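Structure, as structure tokens:
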Number of protein chains: 4
Amino acid sequence: MPRFRDLLELATWTFRPGPRDSITDVEGVRVGHVTLYEGSGPLVPGRGPVRTGVTVVVPHGGNTYREKVPAAATVFNGFTKAVGLVQVEELGVLETPVALTNTLNVGLVADGLVEYSIRVAPEIGVTAPTVNPVVLECNDGYLNDIQGRHVKQHHVLEAIQRAGEGFEEGSVGAGTGTVAFGFKGGIGTSSRVVETSMGRYVVGVLVQTNFGRAEDLLIGGIPVGALLKRSNPVSTGGGGSVNVVIATNAPLTSRQLRRLGRRAQVGLARVGGYAYHGSGEVALAFSTAYRVTYGSTTRVEVLPEVELNSLFKAVAEAVEEAVLNSMFAARTVEGRDGRVVHQIPVEEVLEILREYGSGWATFK
Amino acid sequence: MPRFRDLLELATWTFRPGPRDSITDVEGVRVGHVTLYEGSGPLVPGRGPVRTGVTVVVPHGGNTYREKVPAAATVFNGFTKAVGLVQVEELGVLETPVALTNTLNVGLVADGLVEYSIRVAPEIGVTAPTVNPVVLECNDGYLNDIQGRHVKQHHVLEAIQRAGEGFEEGSVGAGTGTVAFGFKGGIGTSSRVVETSMGRYVVGVLVQTNFGRAEDLLIGGIPVGALLKRSNPVSTGGGGSVNVVIATNAPLTSRQLRRLGRRAQVGLARVGGYAYHGSGEVALAFSTAYRVTYGSTTRVEVLPEVELNSLFKAVAEAVEEAVLNSMFAARTVEGRDGRVVHQIPVEEVLEILREYGSGWATFK
Amino acid sequence: MPRFRDLLELATWTFRPGPRDSITDVEGVRVGHVTLYEGSGPLVPGRGPVRTGVTVVVPHGGNTYREKVPAAATVFNGFTKAVGLVQVEELGVLETPVALTNTLNVGLVADGLVEYSIRVAPEIGVTAPTVNPVVLECNDGYLNDIQGRHVKQHHVLEAIQRAGEGFEEGSVGAGTGTVAFGFKGGIGTSSRVVETSMGRYVVGVLVQTNFGRAEDLLIGGIPVGALLKRSNPVSTGGGGSVNVVIATNAPLTSRQLRRLGRRAQVGLARVGGYAYHGSGEVALAFSTAYRVTYGSTTRVEVLPEVELNSLFKAVAEAVEEAVLNSMFAARTVEGRDGRVVHQIPVEEVLEILREYGSGWATFK
Amino acid sequence: MPRFRDLLELATWTFRPGPRDSITDVEGVRVGHVTLYEGSGPLVPGRGPVRTGVTVVVPHGGNTYREKVPAAATVFNGFTKAVGLVQVEELGVLETPVALTNTLNVGLVADGLVEYSIRVAPEIGVTAPTVNPVVLECNDGYLNDIQGRHVKQHHVLEAIQRAGEGFEEGSVGAGTGTVAFGFKGGIGTSSRVVETSMGRYVVGVLVQTNFGRAEDLLIGGIPVGALLKRSNPVSTGGGGSVNVVIATNAPLTSRQLRRLGRRAQVGLARVGGYAYHGSGEVALAFSTAYRVTYGSTTRVEVLPEVELNSLFKAVAEAVEEAVLNSMFAARTVEGRDGRVVHQIPVEEVLEILREYGSGWATFK
């Protein structure tokens with residue numbers, strides 16, 4: 001299945017992507033999914049049908065607890081049960097993989113990250129401080145038996161074990177049951193390569209899309225959602241949420257990463273996001289450029305503030321593309337109560353884009 | 001000169017504007033300008049040329065100090081010298097008109113608001129608490145002798161005195177010397193009417209635009225900035241700033257107004273904003289639905305949270321339109337060192353929009 | 001066992017307590033514990049010894065999910081894995097009981113609150129939005145096998161079921177394994193009655209104490225910790241954390257509750273707190289004066305800001321007393337690896353207080 | 001006149017002060033005052049009597065605009081008109097001296113800092129970005145004709161010019177008209193020397209005290225305010241404000257400086273502060289360990305987080321001592337309408353302290 005970029009590039013995209021056009025273009029970053037898809041028919045709360053999962057972003061190949069990375073979380077709309085953001089804000093570091101899952105599952109998934117951390121760092125809570133799991137979430141209850149909290153602790157361990165540089169997009173992992181702009185949402189990724197005075201850096205993003213109203217969808221600024229005639233999107237009222245994980249190998253402080261994370265919102269607005277009341281919108285940004293070890297001095301050579309401009313634009317571009325990737329890759333899913341959320345009709349979308357965008361977007 | 005809406009309406013705009021399509025559609029709100037435009041030729045720091053001014057938004061016809069309005073300030077990019085935001089955040093009220101001016105003038109303009117407040121409420125600092133002036137700012141130093149701080153305290157008093165329901169847009173007041181997307185920016189306004197379960201409300205916005213890079217400008221999603229061929233925009237590197245004042249008669253708490261203010265960013269992103277490092281981006285939102293008097297109980301009947309969805313979208317739409325209004329209304333200005341910032345080439349813009357947007361945008 | 005107030009009252013305490021001198025003096029508020037105390041001897045990570053538990057504060061007798069209460073969370077030191085604070089900040093409401101537990105158990109305890117909420121509001125995630133569990137935590141790993149996460153979901157349900165107006169202080173529930181100022185900490189509570197222009201209100205607090213260095217302990221300003229000679233406190237380096245839950249029946253907005261919550265820090269400083277790096281310090285404040293229902297208008301008559309002065313002082317006093325109550329009520333506990341944390345030597349403390357405080361503190 | 005430390009040392013003070021026990025023990029830091037004291041008799045608003053001034057803290061001997069220092073501002077109670085904090089939060093740097101003055105004068109004083117900055121860095125707003133003046137304030141209107149805004153821009157320049165390592169405490173500069181705990185407040189300073197794994201560092205603080213109720217004053221924990229019998233404090237209802245400037249040569253990031261600044265509140269609580277509604281309480285912390293230059297890479301070797309414990313305690317101690325210094329040094333002042341605010345009765349205070357504190361405080 002072609003990714004969005006295989007079909008066209010938007011006129012506003014000025015940076016080229018990394019080799020995989022993926023968050024894993026940031027060296028060391030890996031992503032893993034566990035997808036849970038079972039049963040069908042009427043919702044039996046606590047039993048199914050199951051359309052959910054967990055996705056993890058692992059910041060580097062080492063021991064994340066012992067070698068923490070600088071990080072920041074930004075909350076644009078705090079209607080979210082995200083876990084771990086308070087400590088990230090205070091200490092400016094990430095010390096576990098970032099997990100994404102469904103809203104009611106954050107407790108068990110946080111517990112899974114604790115279990116993982118203890119296994120790789122048995123000193124936790126014994127001779128060393130405790131650990132701060134970071135979990136982001138979306139409400140996938142339109143398709144999924146969300147009350148069932150079907151993601152168990154061991155699924156988190158499995159997702160981390162499976163994490164690699166190549167990974168699927170769309171209706172997988174934490175994106176199995178999500179809905180974006182009335183069509184099937186899911187996991188998407190993208191990256192950008194940026195030149196600065198200190199060298200070349202990569203910005204990679206991963207999104208979990210479960211937001212937007214059908215009529216609001218914009219692609220390359222064209223109101224595709226409003227122009228589609230032959231499709232049948234579902235209506236979720238704009239609730240849902242969207243989460244953004246940003247990785248970079250640029251040497252940034254947590255304060256600068258917070259600035260970076262805020263620009264995710266530009267990308268979300270470009271595809272038609274309004275951050276509706278019910279849509280929790282969080283960005284978690286981290287840098288792999290240096291590591292922070294408990295009790296040790298950290299030596300940093302920080303990027304000048306003005307060089308952030310390119311990184312800001314790169315984040316916006318990559319988020320926009322990642323959202324589109326999440327939708328283009330997501331296959332149609334039937335969930336609870338026979339509800340069907342269709343894949344976005346790619347062919348009709350392309351027709352619309354060609355009709356209006358020819359002359360400025362780059363078609364392939 | 002036609003306003004943007006007289007030429008076309010974007011497909012994403014779903015709410016109708018108020019009668020004036022202006023922040024003054026919110027009953028009681030008035031706007032006043034003092035424009036300072038003197039001299040020409042080489043910059044003589046402290047002397048001129050002068051291309052600046054002050055714009056005030058007066059929240060209601062009463063005594064703002066004695067009858068405060070609920071308010072919130074949101075900072076998307078804090079590279080700004082805005083004054084008064086700390087107290088607005090703590091106490092959730094606005095007790096002066098909001099003044100907009102140039103960056104280095106915030107001290108004198110804040111002092112002007114203090115002078116105004118003392119005149120209308122002589123008890124300030126004598127038998128009553130002090131007063132918290134609110135000032136937002138943009139760096140208009142590309143055209144203006146900003147070191148000169150040419151806006152004096154009495155100009156603030158004059159702007160308040162002149163405040164009315166009808167007011168000019170474009171290169172006036174605090175927009176006299178600003179630059180937006182390489183063309184002349186300035187003051188713009190717009191409004192939206194929204195139906196909710198508690199009744200019909202108006203959302204009005206006023207913007208001071210001094211942000212964006214020429215190549216980034218989007219109108220209705222079309223990359224107009226990149227497509228323009230016959231114009232010569234200037235380059236300010238994306239610095240500058242943009243400020244948004246939001247008024248509504250919907251009964252909201254300061255917490256809800258903060259949520260409202262954040263959605264200004266959606267409108268800014270839609271016209272091509274990236275919140276570059278040097279662009280301070282602040283929104284100040286207030287409600288006229290009730291007033292807060294020192295030492296007295298406040299009775300409020302608050303809009304349900306879920307009803308904010310329409311208001312959020314209305315803010316985004318109105319901000320997008322207000323930015324376009326600020327540019328379409330702004331005439332070409334020559335400033336310091338012979339620098340010329342041109343009005344956006346309206347005819348060429350319309351050609352581009354008709355070429356690509358016909359079929360979905362509504363042309364008139 | 002006498003409570004602190006049975007022995008003496010500090011000179012700085014100007015408000016009288018409610019009838020129980022407890023957070024449950026705020027009508028409708030109930031507290032429940034589950035205490036887990038098993039095994040002894042060397043730590044076997046994941047097995048024991050177990051010295052932990054869970055404490056819940058239930059805001060009112062109704063359905064907390066359907067009838068939410070206004071609330072705010074304040075973070076003084078964010079070295080904490082507290083769950084649920086992001087949404088409390090955004091929406092200004094609490095919709096579950098507040099649970100307190102050990103650091104590594106927050107995931108399972110949050111999951112327990114989800115389970116409880118689903119049982120009382122089966123519409124969650126089916127026809128209604130999801131639910132935001134709020135969990136605060138302390139690291140009780142000095143005594144407890146914290147890796148074991150011995151608090152299971154059903155313990156949360158049991159604690160809620162047991163919740164009542166009378167409850168134990170000291171080494172119980174979430175205070176079973178905590179250490180305060182080198183002595184046994186735990187759960188403490190206190191309340192104050194305050195007169196305002198709008199009527200008489202109660203402020204109640206509950207603390208989970210696991211903070212402070214032995215040499216820092218102050219009682220009534222007297223450096224008791226430094227003056228004690230016949231005791232053997234343990235050293236935890238000042239890490240640990242302290243959490244404060246504040247309830248009031250005063251009609252406050254979430255913004256005002258945030259202001260209230262910040263004053264918890266005054267009480268903590270008065271007993272010798274410095275908010276050391278490793279000590280997460282969070283206050284969660286809620287009001288029972290009105291309830292917030294999804295989709296409905298909220299009518300509020302809000303206390304004038306200046307009336308908060310009494311409430312601020314009441315919070316500081318009640319927090320100080322609650323910390324002392326938590327310590328005076330806590331019995332000596334032996335935990336992992338034969339570690340013993342002693343009850344504060346009450347008799348010696350009283351000798352010191354009488355020597356220095358006679359003439360200003362009120363002894364009984 | 002003896003400083004507090006010449007009379008006694010509190011039992012809770014564990015770190016020794018620097019050679020001057022002053023913020024200027026941090027190498028390069030200088031302080032300057034301009035004191036305005038004119039007229040007497042009934043208040044004629046705008047005319048006098050004048051009891052006010054300005055105090056500046058200059059971070060280093062170089063050009064502060066061109067060589068910025070890492071900084072953070074923390075707001076404990078935001079009832080304050082402080083200027084410049086938004087940009088400090090966003091960019092993490094201080095680029096002017098910090099000025100302290102009266103509430104209604106912040107505009108003119110900010111303008112004075114702009115004037116100063118332009119003189120030393122004429123590129124501001126011409127070829128370089130603008131400048132962010134930082135001003136903190138107290139309401140000195142109990143004694144002073146605060147409507148008069150008697151501090152003019154040139155006074156700021158004079159204060160900076162006069163800045164040195166030795167400077168007066170008490171009723172001088174921005175402390176000329178302030179009231180603390182019913183007695184004369186003013187400017188106070190103190191410092192502490194701290195050993196860490198990376199070396200020895202100094203923490204210095206300067207306070208402007210205008211807060212507290214007479215009955216609340218604590219010295220070494222002893223309720224001196226309540227025990228004083230032969231004095232006649234005035235009542236200002238707990239309004240007023242207190243500002244804290246913290247300087248250190250420890251290598252900290254702005255995030256760490258924010259953590260440091262929050263601990264000022266511990267010191268304020270120890271002398272009887274409750275952060276009453278009307279008392280704006282702000283701390284501005286900066287480090288002189290490295291400098292930040294626009295457009296250049298910053299190389300930092302950051303102190304490990306756990307080493308902050310000593311710095312946190314040092315801040316609390318130094319703030320407590322600085323408040324006492326501000327009061328002990330402040331002479332009796334008669335102001336508007338014949339109002340007299342007396343110096344705290346030092347002899348009676350010492351009697352009380354000796355009666356209760358002998359045996360633990362160290363008298364000299």
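Just the heavy atoms: all of them, side chains too, but no hydrogens, waters or symmetry mates, feed the values below. Quick caveat, the model's predicted, so the values are computed rather than measured. Note on naming: letters A, B, ... go to the chains in the order of the sequence lines (proteins, then strands), and numbering restarts at 1 for each one.
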- prompt: For the side chain of A:Ser241 and the backbone of A:Gly280, is there at least one donor-acceptor N/O pair under 3.5 Å apart?
  reply: yes

message: Can you tell me which of A:Val315, A:Asn77, A:Leu311, A:Thr74 forms the most heavy-atom pairs within a distance under 4.5 Å of chain B?
response: A:Asn77

- line: Highest number of heavy-atom pairs under 4.5 Å with chain B among A:Ile222, A:Leu10, A:Asn309 belongs to A:Asn309

task: Determine yes or no for a side-chain-to-main-chain donor-acceptor pair under 3.5 angstrom, with A:Ser310 supplying the side chain and A:Val194 the backbone.
output: no

task: May I ask you to decide if A:Lys81's main-chain N or O and A:Glu137's side chain share a donor-acceptor pair within less than 3.5 Å?
output: yes

field: Closest approach of B:Ala322 to B:Ser190 (non-hydrogen atoms, all atoms of both residues)
entry: N-CB, 3.9 Å

query: If we ignore angles and hydrogens, is there a donor and acceptor under 3.5 Å between the side chains of B:Glu307 and B:Thr196?
result: no

message: With a strict 4.5 Å heavy-atom criterion, list every residue of residues 201-217 of chain A that contacts chain B, or say none.
response: A:Arg213, A:Asp216

message: Counting only non-hydrogen atoms closer than 4.5 Å, does B:Arg259 touch chain A with its backbone (N, CA, C, O), its side chain (CB onward), both, or neither?
response: side chain

Check: B:Leu136 and B:Thr80 side chains under 4.5 Å, non-hydrogen atoms: no

query: Which atoms form the tightest heavy-atom contact between A:Ala73 and A:Val88, and what is the distance?
result: N-CG1, 3.8 Å

- prompt: Heavy atoms, side chains only, cut-off 4.5 Å: are A:Thr253 and A:Gln256 in contact?
  reply: yes

field: Which of B:Gly220, B:Gly225, B:Gly78, B:Ala269 touches chain A most, by non-hydrogen pairs under 4.5 Å
entry: B:Ala269

query: Are the side chains of A:Glu9 and A:Glu321 in touch, meaning some heavy atoms are under 4.5 Å apart?
result: no

- line: Looking only at A:Ala11, A:Ala275, A:Ala316, most heavy-atom pairs under 4.5 Å shared with chain B are made by A:Ala275

query: Side chain, backbone, both or neither: which part of B:Ala226 has an atom under 4.5 Å from a heavy atom of chain A?
result: neither

statement: Against chain A, residues from residues 243-252 of chain B with at least one heavy atom under 4.5 Å, in numeric order, are none

message: Side chains of A:Leu268 and A:Val319, heavy atoms from C-beta outward: is any pair under 4.5 Å?
response: yes

- request: Locate the shortest heavy-atom distance separating B:Pro233 from B:Phe183; write the atom from each residue and the value.
  value: CB-CZ, 3.8 Å

task: Tell me, please, which residues at least two apart from B:Tyr274 pass side chain to side chain donor-acceptor pair (under 3.5 Å).
output: A:Arg270

query: Taking the side chain as C-beta and beyond, is there a heavy-atom pair between A:Arg192 and A:Lys313 under 4.5 Å?
result: no

query: Just by distance, with hydrogens left out, do A:Glu317 and A:Thr14 show a side-chain donor and acceptor under 3.5 Å apart?
result: yes

task: For residues B:Phe4 and B:Asn325, report the shortest heavy-atom separation together with the two atoms involved.
output: N-OD1, 3.3 Å

message: Using a 4.5 angstrom heavy-atom cutoff, name the option from A:Phe312, A:Phe79, A:Tyr276 with the most pairs to chain B.
response: A:Tyr276

task: For chain A, find its close neighbours in residues 345-364 of chain B: heavy-atom separation under 4.5 Å, sorted by number, or none.
output: B:Tyr356, B:Ser358, B:Gly359, B:Trp360

message: I'd like to know if the side chain of A:Ser326 and the backbone of A:Gly188 have a donor-acceptor N/O pair within less than 3.5 Å.
response: no

